[in-house]
Protein chains: 2
Amino acid sequence: MRQPLPADMFDELCPSSLNPIRFGFGDKWAALVIRCLQDGPRRFSELRVPLGRVTAKGLTRSLRSLERGGLVRRTVVAGAGSRVEYELTPLGRSMLAPMAVACAWAEDHWDELLEARESHDAASLDRAG
Amino acid sequence: MRQPLPADMFDELCPSSLNPIRFGFGDKWAALVIRCLQDGPRRFSELRVPLGRVTAKGLTRSLRSLERGGLVRRTVVAGAGSRVEYELTPLGRSMLAPMAVACAWAEDHWDELLEARESHDAASLDRAG
DNA sequence: CAGCATCCATTTAGATACTG
DNA sequence: CAGTATCTAAATGGATGCTG
């Protein structure tokens, strides 16, 4: 079933959101967009919910970039008012697996990553007096 | 055996170089640096060879970022002249596997990615007249 | 609703010159 | 050798207002 996307899907501290591995289709939202599309087509406004802090411009840019790379297909749905749907192409879908691997790694090592960063920063501050 | 790093290790058209998946430790070189370190410690100047178009500043920034994330350890080797070695920490080493998965995906779908991009661009030009 | 245009602030990257 | 300092250019991101 395609549930509506939860607004807290990418909470600030969730590893998949602050994931140090970025899938570089041009911008910082692309990887998150792909995850949002994994359960089927979504509309533009639907995608804005879980991303929270993305602007229309940012989301548009992300989607265009993914479209250009052949990972996402954009479809204008006939009917009353504007309605556009985005969905993963087979190519885009094939990216879900490596992405899951990367996210699993990030989750597994999240604490280590944070700790390393903190102790490094603390040591730097030390040296700076 | 630790061979010297080949200058053509990341040739312009090699998928692992133009990899659309970027491991986001701050900059565009980080993922490539990690691959360069996979066979053991390397010196600063040694790392510049396979990266080719990186500047000293860019490489320094990358290495600092990786150090901060706890993926790379920097060691000043005592002796005549300056000598600094960089090597992967266990955490950094644990990243090689997900990275290999991502690179394999990129290689497998490289042609599709290029083709999608080209046909998309061609269609855009078409519309633009 | 789904954007594009415009303006502006911030971040990031490269070139170049210089240092312990 | 292994950087740092400085400047500049380019990319990125957000805010706001407008359009079919």
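Per chain, numbering begins at 1; letters A, B, ... match sequence-line order. Atom set for the values below is all heavy atoms of this structure, side chains included, hydrogens, waters and symmetry mates excluded.
- The closest side-chain heavy-atom distance from A:R68 to A:R64 is not below 4.5 Å.
- Atom CD of B:E85 is separated from atom P of D:dA2 by 9 Å (rounded to the nearest Å).
- Where B:G58 and A:S45 each meet DNA chain C at their nearest nucleotide, the meeting point lying more 5' is that of A:S45.
- The side chain of A:R64 approaches C:dG3 more closely than any other nucleotide in the set D:dA2, C:dG3, D:dG13.
- Among the nucleotides D:dA2, D:dG14, C:dA2, the one closest to the side chain of A:R74 is C:dA2.
- You'll find the side chain of A:V101 stays beyond 4.5 Å of the side chain of A:W105, heavy atoms only.
- Side chain B:K57 to base C:dT16: no donor-acceptor pair is found below 3.5 Å.
- The shortest distance between the side-chain N/O atoms of B:Y86 and the OP1/OP2 oxygens of D:dG3 is below 4.0 Å.
- Atoms CG (B:L63) and P (C:dA13) sit 14 Å apart, rounded to a whole Å.
- Evaluation of atom-type donor-acceptor distances gives no pair under 3.5 Å for the side chain of B:S82 against the base of D:dG3.
- None of B:L63, B:T75, B:L66, B:V33 except one satisfies the side chain to side chain contact (heavy atoms under 4.5 Å, CB included) rule with B:Y86; the exception is B:L63.
- Side-chain proximity of B:V84 to C:dC4, D:dG3, C:dA2: nearest is D:dG3.
- Dashed line: the shortest gap from a side-chain N or O of B:W29 to OP1 or OP2 of C:dG14 is under 4.0 Å.
- At least one side-chain nitrogen or oxygen of B:R43 sits closer than 4.0 Å to the OP1 or OP2 atom of D:dA2.
- Atom CG of B:L59 and atom C1' of C:dG14 are 14 Å apart (whole Å).
- Looking at heavy atoms from C-beta onward, A:L47 lies in side-chain contact with A:L37 at the 4.5 angstrom threshold.
- Between the CG atom of B:L47 and the P atom of D:dG3 there is a distance of 10 Å, given to the nearest Å.
- At a threshold of 4.0 angstrom between heavy atoms, the contacts of B:R48 with the nucleic acid are absent.
- The CZ atom of A:R61 sits 13 Å away from the C1' atom of D:dA15 (whole-angstrom rounding).
- Among C:dC4, D:dA2, C:dC1, the nucleotide with an atom closest to any side-chain atom of A:T60 is C:dC4.
- The two residues B:A102 and A:P98 make their nearest non-hydrogen contact at CA-CB, 4.4 Å.
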